[in-house]
Amino acid sequence: MFPIGASARSCAALARSTRLNTSLKSAAAAAVAVAAPSSARSSIISVAPNATTHASPCHQKRYSSHSPMGTQTGPPRKKVTMSTIKSLYQKGEPIAMITAHDFPSAYVADQNGMDIILVGDSLAMVALGMEDTNEVEVEDMLLHCRSVARAAKSSFTVGDLPMGSYEISPEQALATAIRFVKEGKAQSVKLEGGKEFAPTIRKITTAGIPVLAHIGLTPQRQNALGGFRVQGKTSAGAMRVLEDALAVQEAGAFAVVLEAVPAEVAALITQKLSIPTIGIGAGNGCSGQVLVQIDLTGNFPPGRFMPKFVKKFGDIWSESARAVVAYRDEVKSKQFPAPEHTYPMPAEEFESFAKAAKNF
Ligand SMILES: Nc1nc(=O)c2c([nH]1)NC[C@@H]1CN(c3ccc(C(=O)N[C@@H](CCC(=O)O)C(=O)O)cc3)CN21
Ligand SMILES: CC(C)C(=O)C(=O)O
């Protein structure tokens, strides 16, 4: 979906987003004011309490393949639960959410202060190389949910119900949600849809499985939406997003993802709700934010199309590429492996072996 090099669709989207740029910027500025009361803003912790402190783990520690990521550093963070999320919301402290699709990506998120980890169906594209999120199956999601669950010691986890696994009936949705909890070890599920999915959300929450709703741009319905289009850009469109938000809240969702909605619309919806809004491309007037991990860490090849809402906070791709090139060069030049990467043997043992080997 985000091909290497710009497709015709991406170019059109880019052109549209350039036109949007100025209006969103002023909207974002206006939205800052409603993000949190100033008293709450000052209490926001800027560094995760157990953020990894050692400078460069790869030079200091050898991680054994028997223990996936070595031992945890620092005191364990308290488990984030439904009530932690509620209390962050009440304090006006933004909720930080990130996607993860495997053990290491969940581990780095968990160890560095993410409140919520989402095993998003975006894994179809970012981890499995599929064209579309609609290709991913429940079984694929469950494998990845389990890997994430093993690393998520403190973050609250959400598993994304893939297209086709919840739309047929509330009963189908509940059956899938139960599999996410039992087989995927997820603590909650996310599904795309507003008003029409209120009975579905009600069915799942009544069974005691927390639901994160997802409205605005719902990527699984890109074909019906006419592509990845910003939602709620007209008064009537914004009203539909508000109605969806109120309906999913009423149905029992613990929070709602607002994707690709003008910032001032998202801010107003946030004020109207009594559950947190988690924005992605919805400005900073939301109660929290979510981004796809590989997007924010810059773990994708150059030239790939990115939605306007992505901020690249790192450049993991360049670093990986640099390491792979250095490895290749050292293999080709025989600089690697050096003596320190090999296992010693008493000289007399080797001599005896060499002598014995002569007869073979
Ligand atoms: N790596 C990745 N990051 C994501 O955020 C993401 C995925 N994959 N896959 C699933 C969905 C798809 N998402 C998308 C994809 C494209 C646009 C996009 O092209 N948006 C246009 C808006 C155009 C308009 O209506 O003005 C943009 O220019 O940002 C938005 C969200 C978000 N999700
Ligand atoms: C972008 C987020 C909200 C998502 O749905 C995903 O990662 O699939």
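Atoms within a ligand are numbered from 1 in the order they appear, just like the ligands themselves. All values reported here derive from a predicted model rather than from experimental measurement.
In this pair, F156 and F254 present their aromatic rings perpendicular. The plane angle is above 60°, beyond the 30 to 60° band.
Between D110 and K153 no salt bridge is recorded (no basic side-chain N to carboxylate O distance below 4.0 Å). Ion pairing of E192 with R221 is absent here, as no side-chain N (NZ or NE/NH1/NH2) approaches a carboxylate O to less than 4.0 Å.
Close approach of ligand 1 to V292 is summarised as follows: ligand atoms under 4.0 Å from at least one heavy atom of the residue are 1 (N), 2 (C), 3 (N), 4 (C), 5 (O). For ligand 1, the atoms lying closer than 4.0 Å to a non-hydrogen atom of V126 are 1 (N). Residue R229 has at least one heavy-atom neighbour below 4.0 Å for each of these atoms of ligand 1: 25 (O). Near K308, the atoms of ligand 1 lying under 4.0 angstrom from a non-hydrogen atom of the residue are 27 (C), 29 (O). Ligand 1 places these atoms under 4.0 Å from at least one heavy atom of F309: 5 (O), 30 (C), 31 (C), 32 (C). Near S122, the atoms of ligand 1 lying under 4.0 angstrom from a non-hydrogen atom of the residue are 7 (C), 8 (N), 9 (N).
Atom NZ of K79 sits in a crowded spot, with more than 12 heavy atoms from other residues, nucleotides or ligands closer than 6.0 Å.
Residues forming a salt bridge (charged side-chain N to carboxylate O under 4.0 Å, His left out) with E171 (at least two apart in sequence, or on another chain): K203. A search for salt bridge (charged side-chain N to carboxylate O under 4.0 Å, His left out) contacts involving E319 returns R322, not counting sequence neighbours. Listed by chain and number, the residues in a salt bridge (charged side-chain N to carboxylate O under 4.0 Å, His left out) with E139 are R179 (sequence neighbours excluded).
Both the backbone and the side chain of P307 come within contact range of ligand 1, each with a heavy atom under 4.0 Å. Residue contacts with ligand 1 for F300 are absent, since no atom lies close enough (heavy atoms, distance under 4.0 Å).
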What verdict does the salt bridge (Lys or Arg N to Asp or Glu O under 4.0 Å) test give for R146 and E183, after you've listed the backbone C-alpha separation in whole Å, the side-chain angles of each residue and the deciding distance to 0.1 Å? CA-CA 7 Å; R146 281 196 295 279; E183 298 172 46; 5.0 Å; no

Let's go through I278 and I95 carefully: what are the C-alpha distance in whole Å and the side-chain angles of both, what is the deciding distance for side chain to side chain contact (heavy atoms under 4.5 Å, CB included) to 0.1 Å, and is it a yes or a no? CA-CA 7 Å; I278 312 287; I95 297 160; 4.0 Å; yes

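A distance of 7.0 Å separates CZ of F350 from CE of M345, quoted to the nearest 0.5 Å.
Side-chain atoms of V310 and L296, non-hydrogen and from C-beta on, never get closer than 4.5 Å to each other.
Considering both main-chain and side-chain atoms, V230 comes within under 3.5 Å of ligand 1 through a nitrogen or oxygen pair. Where the criterion is an N or O separation shorter than 3.5 Å, residue side chain and backbone included, T133 fails it with respect to ligand 1.
Within the structure, ligand 1 has E259 among the residues with a heavy atom less than 4.0 angstrom away.
Protein residues are said to neighbour a ligand when one of their heavy atoms lies under 4.0 Å from it; for ligand 2 these are T99, L118, G120, D121, S122, D160, K190, H214, I280, V292.
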